[in-house]
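A quick write-up on the structure given underneath.
The chains referred to below are lettered A, B, ... by the order of the sequence lines, with proteins before strands, and numbering in each begins at 1. What's counted below: heavy atoms across the whole structure, side chains too, no hydrogens, waters or symmetry copies. Worth saying up front: this structure is predicted, and the values here are computed from it rather than measured.
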Amino acid sequence: MKRADNSKLLSQTFYNRSPEVVAKELLGMILVRHYAGERLTGRIVETEAYLGAADPASHAARAVSPFNAVLFGPPGFADIYLIYGLHYCMNVSCLPDGEPGGVLFRAIIPLEGIDTMAALRNLKPNASAKALTGGPARLCQAMGITRASSHGQNMASASSDLQILDDGYRPKSILTTPRIGIKKAVDLPLRFLVDDREP
DNA sequence: GTGAGGATCGTCT
DNA sequence: GACGATCCTCACA
């Protein structure tokens with residue numbers, strides 16, 4: 001797998017669509033995190049869409065509060081939240097200001113800064129991609145993403161510590177399955193993953 | 001190799 | 001006062 005040189009930053013209009021579409025099109029994109037002067041990147045291979053009021057599993061199904069305000073705000077902003085008291089998960093907001101919706105990042109394949117990611121995860125540098133970043137909380141930990149460091153970041157800004165790039169790569173096929181790890185609206189097919197096998 | 005249970009805290013009712 | 005979009009460890013087969 002090679003990276004093209006003409007990677008470009010996804011603009012805010014990319015996110016200004018329905019979470020289902022954004023979740024699908026984010027597959028194969030490159031997540032970039034500037035951490036302590038270092039560049040950590042990984043290819044997105046699994047996402048989930050969370051809708052607004054129509055989706056009981058979504059945080060945005062409830063009234064606006066400081067907790068979920070980012071999902072109601074303008075598109076392309078990072079929403080970091082703590083789950084089970086231990087783990088952080090990352091969303092990016094979708095749809096125009098005022099309309100709730102977002103995409104949860106579930107898994108990436110590490111590309112750059114693997115040693116740093118392993119250190120942040122307290123793992124050996126030769127740990128598998130799955131152990132490093134194969135879960136919503138794992139990828140946040142591997143990239144040093146916390147609510148304190150990254151909540152409310154504009155992912156479409158060139159000066160942001162958190163960005164998504166398009167290097168032209170597109171997955172051969174996309175698998176759609178029901179979402180997992182939730183108890184409401186379990187049957188909605190809003191989980192998307194890259195079907196390509198590891199190169 | 002597989003399965004079950006514990007950890008831990010912000011947010012909502 | 002209770003729950004949750006999860007991960008890790010330990011036990012057992």
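- Relative to the six-membered ring of Y88(A), R147(A) misses at least one condition, a distance below 6.0 Å or an angle of at most 45° to the axis.
- The footprint of chain A on DNA chain B, defined by a heavy-atom cutoff below 4.0 Å, extends from dA7(B) to dT13(B).
- In this structure, R62(A) reaches the sugar-phosphate backbone alone: every heavy-atom distance under 4.0 Å involves primed, P, OP1 or OP2 atoms, never a base.
- Legend: residues meeting side chain to side chain donor-acceptor pair (under 3.5 Å) with R106(A), ordered by chain and number and at least two apart, are E46(A), E48(A).
- D195(A) and S173(A) form a side-chain donor-acceptor contact under 3.5 Å, judged by distance and modelled atom types alone.
- N68(A) comes within contact range of no nucleotide atom at all, as no heavy-atom separation falls under 4.0 Å.
- Chain A approaches DNA chain C over the interval dG4(C) to dC8(C), counting the first and last nucleotide 5' to 3' with an atom under 4.0 Å from its heavy atoms.
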Would you give me the side-chain donor-acceptor pairs under 3.5 Å for residues 125-137 of chain A, sequence neighbours excluded?
residue, atom, partner, partner atom, Å
S128(A), OG, A131(A), N, 3.1
T133(A), OG1, I108(A), O, 2.6
T133(A), OG1, A129(A), O, 3.3

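- In this view, E99(A) satisfies the side chain to side chain donor-acceptor pair (under 3.5 Å) rule with no residue, not counting sequence neighbours.
- Taken residue by residue, residues 51-59 of chain A places heavy atoms nearer than 4.0 Å to DNA chain C at A57(A), H59(A).
- Within 4.0 Å of Y84(A), counting heavy atoms only, lies at least one base atom of the nucleic acid.
- For the strand DNA chain B, secondary-structure stems (runs of at least three Watson-Crick or G-U pairs, all distances below 3.5 Å) span B:1-7 with C:6-12, B:9-12 with C:1-4.
- Residues meeting the side chain to side chain donor-acceptor pair (under 3.5 Å) test with R17(A), sequence neighbours left out: E25(A).
- Across I44(A), L26(A), L40(A), a single residue satisfies side-chain contact (heavy atoms from CB on, under 4.5 Å) together with L31(A), and that is I44(A).
- Listed by chain and number, the residues in a side chain to side chain donor-acceptor pair (under 3.5 Å) with N16(A) amount to none (sequence neighbours excluded).
- R191(A) comes within contact range of no nucleotide atom at all, as no heavy-atom separation falls under 4.0 Å.
- When heavy atoms are screened at a 4.0 angstrom cut-off, K183(A) is found touching the sugar-phosphate backbone but no base atom.
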Distance-only donor-acceptor pairs under 3.5 Å for side chains of residues 60-81 of chain A, two or more places apart:
residue, atom, partner, partner atom, Å
S65(A), OG, F67(A), N, 3.2
N68(A), OD1, S65(A), N, 2.8
N68(A), ND2, H59(A), O, 3.1
N68(A), ND2, A63(A), O, 3.2
D79(A), OD2, N91(A), ND2, 3.3

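- The hydrophobic cluster analysis finds V21(A) isolated: no Ile, Leu, Val, Met, Phe, Trp or Tyr side chain comes under 4.5 Å of it, directly or through other members.
- Of the residues in residues 141-153 of chain A, not one comes within less than 4.0 Å of DNA chain C through any heavy atom.
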